[in-house]
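Some notes on the structure that comes next.
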Amino acid sequence: MVNKEANELLDDIMLDKIAQMSDKQLNKELNHYVSDLDVVKARVVSRLTSHQKPTPPSVLQAARQGLERQRELYKKSTIRETLVRKGTDAKGMLIQLMAQGKLPENLTLAFRDGEEFTDHDAEKILKDLVNMGVVEIDDSKD
């Protein structure tokens with residue numbers, strides 16, 4: 001029992017000393033016992049990396065990556081470019097979506113007190129609806 005405790009204490013002391021050694025001291029000690037340290041390092045690294053398997057992204061990470069790709073797609077194709085391709089303006093697109101029943105039933109607009117509802121305002125509404133995933137502009141092809 002005493003020998004086992006003494007051995008464990010010696011192990012702890014040696015590990016502490018090794019942990020406190022500088023890289024230079026470690027290399028000097030290892031060169032004393034190993035002829036070509038670089039070959040041994042390369043062999044250890046290759047064995048460690050060959051046994052490591054790349055971890056697949058978790059479900060949440062994969063979903064996040066998909067969301068980021070979708071956002072990039074929307075950033076590249078702006079609402080205005082889409083409207084120009086379709087040959088309509090934002091107000092017309094909103095009216096079209098409303099007539100097709102593709103806008104949410106609970107969508108409301110603020111009272112404008114006699115101010116004109118501009119195309120820019122309509123573009124902002126379309127952009128918000130697309131970003132929320134409520135409306136896909138490509139659905140209005142019909």
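- No side-chain donor-acceptor contact under 3.5 Å links Lys127 to the backbone of Ala122.
- A distance-only check finds no donor-acceptor pair linking the side chain of Gln100 to the backbone of Leu97 [under 3.5 Å].
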Fill in: Test side chain to side chain contact (heavy atoms under 4.5 Å, CB included) applied to Leu30 and Val40, step by step
CA-CA 10 Å; Leu30 287 173; Val40 174; over 6 Å; no
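- Remark: Ile95 CD1 to Thr88 OG1 distance equals 8.5 Å, nearest 0.5 Å.
- Distance check, rounded to the nearest 0.5 Å: CD of Glu5 to CG of Leu10 gives 12.0 Å.
- Using a 4.5 Å heavy-atom threshold, the side chains of Val34 and Val39 count as separate.
- Listed for the Gln61 side chain is a donor-acceptor partner under 3.5 Å among the backbone atoms of Ser58.
- When hydrophobic clusters are built by joining Ile, Leu, Val, Met, Phe, Trp and Tyr residues whose side-chain heavy atoms come closer than 4.5 Å, directly or via intermediates, Met98 is grouped together with Leu126.
- Here the closest non-hydrogen pair linking Met21 and Gln25 is CA-OE1, 3.3 Å.
- Summarising the geometry, atom CD belonging to Gln20 is positioned 11.0 Å from atom CG belonging to Leu15; distances are rounded to the nearest 0.5 Å.
- For Asp11, the CG atom is densely surrounded, since the number of other residues' heavy atoms within 6.0 Å is greater than 12.
- Checking side-chain atoms of Asp119 against main-chain N and O of Lys91 turns up a donor-acceptor pair under 3.5 Å.
- Checking side-chain atoms of Asn31 against main-chain N and O of Asn27 turns up a donor-acceptor pair under 3.5 Å.
- Minimum heavy-atom separation, Leu103 to Leu129: CD2-CD1, 3.7 Å.
- Atom-to-atom distance recorded for Met93:CE and Lys102:NZ is 10.0 Å, nearest 0.5 angstrom.
- Rounding to the nearest 0.5 angstrom, the gap separating the CG atom in Leu94 from the CD atom in Glu123 is 10.0 Å.
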